[in-house]
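One structure below.
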Number of protein chains: 4
Amino acid sequence: MVTRKDIVKERILTVAMKVFSKYGYFGAPVQLVAKEADVSKGLVFWYFRSKDELILEVAKRSLPLDLINRGLEKGLVGRSLLESIGEEYIKKYVDPMQRNLLLHTMSLGVTSPDIAVHIREICERTIIRLAERVFGEATLPNRVAMRAFLGGLMCYTLRPPKDIDEKTFLENLINMVLSVSKQYKNMDSS
Amino acid sequence: MVTRKDIVKERILTVAMKVFSKYGYFGAPVQLVAKEADVSKGLVFWYFRSKDELILEVAKRSLPLDLINRGLEKGLVGRSLLESIGEEYIKKYVDPMQRNLLLHTMSLGVTSPDIAVHIREICERTIIRLAERVFGEATLPNRVAMRAFLGGLMCYTLRPPKDIDEKTFLENLINMVLSVSKQYKNMDSS
Amino acid sequence: MVTRKDIVKERILTVAMKVFSKYGYFGAPVQLVAKEADVSKGLVFWYFRSKDELILEVAKRSLPLDLINRGLEKGLVGRSLLESIGEEYIKKYVDPMQRNLLLHTMSLGVTSPDIAVHIREICERTIIRLAERVFGEATLPNRVAMRAFLGGLMCYTLRPPKDIDEKTFLENLINMVLSVSKQYKNMDSS
Amino acid sequence: MVTRKDIVKERILTVAMKVFSKYGYFGAPVQLVAKEADVSKGLVFWYFRSKDELILEVAKRSLPLDLINRGLEKGLVGRSLLESIGEEYIKKYVDPMQRNLLLHTMSLGVTSPDIAVHIREICERTIIRLAERVFGEATLPNRVAMRAFLGGLMCYTLRPPKDIDEKTFLENLINMVLSVSKQYKNMDSS
DNA sequence: CATGAATGAGCCTTCATTCAT
DNA sequence: AATGAATGAAGGCTCATTCAT
């Protein structure tokens with residue numbers, strides 16, 4: 001059941017993403033988030049114990065974890081899982097708001113150990129689950145491949161090359177990534 | 001002639017890079033920079049009119065402009081210019097301090113309009129000069145190629161793939177970039 | 001008849017005494033009292049219109065009024081009334097919680113005019129009733145004697161001298177106090 | 001040399017004593033102290049790192065340590081030291097401001113462990129030095145006697161009995177205190 | 001040039017209090 | 001009665017910036 005409480009908390013979070021995206025985590029006072037969400041400053045602290053907690057929640061959402069989990073939940077494996085994630089990834093970050101937020105989060109990860117740790121843990125776990133579902137097992141080379149996959153996507157969205165269309169890019173990236181595993185070797189989409 | 005003034009200003013800048021890299025542009029008060037540089041807070045404002053000016057100066061240095069200009073000044077052209085820049089680029093950003101600073105600057109570029117403008121202008125001009133020296137003229141495809149070159153380097157340093165060594169990466173990147181121009185077509189370094 | 005209402009209100013008050021004793025009237029938020037009493041914050045305000053009202057109620061209990069009234073209700077007069085009160089006084093304030101609370105209340109009496117007034121009124125009236133029951137009439141010297149009695153007890157409990165036992169102390173204090181009235185002159189307990 | 005810096009800091013402290021005395025340590029915002037001292041809020045934090053530090057400094061001054069040290073520095077010993085201290089003690093606390101401040105400090109000592117520890121340490125050391133100068137050595141009974149002396153003075157000032165004049169009180173208190181040591185036994189002022 | 005005292009705006013956070021349910 | 005969401009007013013503290021020396 002979705003209570004009124006959940007709705008308000010969600011609204012605050014959504015607004016916070018917009019505001020933080022525009023002004024940065026430190027450039028935007030909690031006050032501004034509250035005002036934009038049309039609630040009192042106090043209420044933000046009722047739902048999030050501190051600004052850091054709010055930032056952490058927003059930072060989590062700025063990462064591609066949501067779409068990765070969605071892909072995993074669909075029950076997809078191998079190439080089709082990567083395709084699904086790749087498409088959603090690019091879809092998410094064509095939104096400049098999301099792209100900027102991701103930049104802020106990456107910058108934050110450098111300075112705030114607290115938040116960095118949190119994020120790192122989550123990423124670590126996700127990478128492993130992803131490797132398992134794509135390759136069958138999360139060996140080191142497989143995990144590295146998953147990182148390359150996500151890193152490649154990140155670079156693509158951060159600085160999309162004008163001369164490579166999404167389809168082509170994705171196909172090549174996925175081929176490269178899958179080539180680390182024998183089962184996909186010499187099995188290009190060509 | 002290098003005056004005492006230059007030495008002190010330089011020291012402040014160097015320290016500011018370290019401090020901002022560690023705590024972020026907003027997380028580090030001017031006071032901290034002054035303390036680490038062993039000067040008074042007032043002196044920092046003597047050399048830099050405001051914190052924003054100091055940040056701007058540091059942000060400039062965090063970008064790869066310096067090494068690009070150095071390459072240009074060497075009088076190199078074409079492939080050897082790209083090789084020189086590529087090597088220096090990677091050399092600069094293996095330093096985590098520089099890498100983190102670059103992240104902060106990218107995040108900053110999203111929120112701070114006037115700093116963003118400043119940086120963009122400089123980049124724009126550099127890209128053009130670079131294209132001219134590599135390809136002979138700064139046509140749109142050539143400028144795009146230059147952006148791809150720099151973007152590729154950025155991604156490489158931000159998330160260095162374990163399975164590609166620096167030499168190989170650079171060679172492939174340069175080949176790809178040069179291939180947009182007829183004069184380099186089918187003219188691999190081989 | 002003791003209603004459920006009374007029970008809850010009483011629990012809140014008891015807990016408030018503990019909490020205020022530990023953190024001071026201003027150091028303890030109402031929220032903390034509610035939590036320790038295992039009720040909602042709103043309920044505290046249902047029973048006590050404001051925090052000040054709660055503080056006042058606790059402050060009253062921190063004073064020795066209860067045991068004085070109990071003594072009066074026993075129908076005691078003269079020396080035996082003082083003895084009863086004296087013993088109960090010391091018994092109450094051997095509890096560090098009560099002692100600390102008394103200190104907070106004394107400090108509060110200095111700053112909070114309306115609470116101070118309230119307390120002063122109550123004290124004034126009690127002193128008079130006490131003087132009447134001890135000496136027969138509340139003349140000025142008699143009232144002063146009553147203050148000396150209570151003041152002496154307060155000092156004793158706040159900083160109990162190691163070399164004077166309770167019995168001896170009380171006997172001497174009462175003798176001194178009673179000596180202001182002719183009827184007790186030269187009428188030591190011996 | 002008394003610098004301008006010292007003067008300003010001293011003014012803030014003096015004002016803080018007045019303000020805290022009137023409103024209590026927690027009832028008075030730093031802002032109010034600053035305003036009354038005619039300086040900016042920021043400056044108070046320039047001289048005192050936090051409100052707690054300011055409170056501690058004021059709390060120290062609210063105790064009778066100053067006059068005790070002054071007595072010690074005069075080189076007095078035995079009875080004359082106690083007489084000097086006793087007179088100054090009463091002189092200090094006839095000022096309601098000082099009396100109220102002392103009450104606040106005592107209340108504070110209960111809740112703020114930090115400050116309590118600080119104060120306790122200072123008191124401990126002073127008691128010992130006092131015992132040494134009064135009795136020649138700081139044996140346990142001598143130290144207890146010193147506590148009784150100071151405790152007696154405190155009670156006297158907090159609730160001055162109308163029927164005992166200062167001279168008489170002091171004489172009796174000192175006689176009592178000195179009687180714990182053989183060298184003063186049977187050496188009453190009578 | 002250099003220092004550090006001084007200012008004031010602004011931010012995070014707490015908390016008494018109200019109110020719909 | 002009882003809950004806890006919601007509000008808004010302060011308060012402590014930081015920090016960029018200025019200025020007298």
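Nothing here was measured: the structure is a model prediction, and the numbers come from that model. In what follows, chains carry the letters A, B, and so on, assigned in the order in which the sequence lines appear, proteins first and then strands, with residues in each chain numbered from 1.
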Can you tell me the distance, in whole Å, between the [atom1] atom of [X] and the [atom2] atom of [N]?
X       : N      : atom1 : atom2 : value
C:Lys35 : F:dT3  : NZ    : P     : 15 Å
A:Tyr25 : E:dC12 : OH    : C1'   : 18 Å
D:Arg49 : F:dC15 : CZ    : P     : 14 Å
B:Phe26 : E:dG10 : CZ    : C1'   : 14 Å
A:Tyr47 : E:dC12 : OH    : C1'   : 20 Å
D:Phe45 : E:dC12 : CZ    : P     : 17 Å

Who passes salt bridge (charged side-chain N to carboxylate O under 4.0 Å, His left out) against [X], sequence neighbours left out?
X       : value
D:Arg99 : none
A:Glu57 : A:Lys60
C:Asp6  : none
A:Arg4  : none

Pairs in or reaching into residues 32-60 of chain B: which pass ring pair (Phe, Tyr, Trp, His ring centres under 6.0 Å), with residues at least two apart or in two chains?
-> none
Is there any ring pair (Phe, Tyr, Trp, His ring centres under 6.0 Å) pair reaching into residues 3-24 of chain C, and which pairs are they, with sequence neighbours excluded?
-> C:Phe20-C:Tyr25
Mind listing the residues from residues 3-10 of chain A sitting with a heavy atom below 4.0 Å of DNA chain F? Number order is fine.
-> A:Arg4, A:Lys5, A:Val8
Counting N and O atoms only, with roles assigned by atom type, does the side chain of B:Ser112 sit under 3.5 Å from a partner on the main chain of B:Gly109, one being a donor and the other an acceptor?
-> no
Test item: D:His118 side-chain N/O and D:Leu56 main-chain N/O as donor-acceptor pair under 3.5 Å = no
Mind checking what makes side-chain contact (heavy atoms from CB on, under 4.5 Å) contact with B:Lys22, not counting sequence neighbours?
-> none
Using a 4.0 Å heavy-atom cut-off across all strands, classify A:Phe48 as base, sugar-phosphate, or nothing.
-> nothing
Taking only N/O atoms, report every protein-nucleotides 7-11 of chain F pair under 3.5 Å with atom names and distance.
| residue | atom | partner | partner atom | Å |
| --- | --- | --- | --- | --- |
| F:dT7 | OP2 | A:Ser40 | N | 3.0 |
| F:dT7 | OP2 | A:Ser40 | OG | 3.1 |
| F:dA10 | N6 | A:Lys41 | NZ | 3.3 |

Taking atom C1' in both E:dC1 and F:dT21, compute the distance separating them and give it to the nearest angstrom.
-> 13 Å
Pairs where residues 10-19 of chain A contributes a residue and the test salt bridge (charged side-chain N to carboxylate O under 4.0 Å, His left out) is met, not counting sequence neighbours | A:Glu10-A:Arg61
Qualifying salt bridge (charged side-chain N to carboxylate O under 4.0 Å, His left out) pairs, either residue in residues 24-51 of chain C, two or more places apart = C:Arg49-C:Glu53
Between which residue ranges does DNA chain E form stems of three or more consecutive Watson-Crick or G-U wobble pairs, both distances under 3.5 Å?
-> E:2-21 with F:2-21
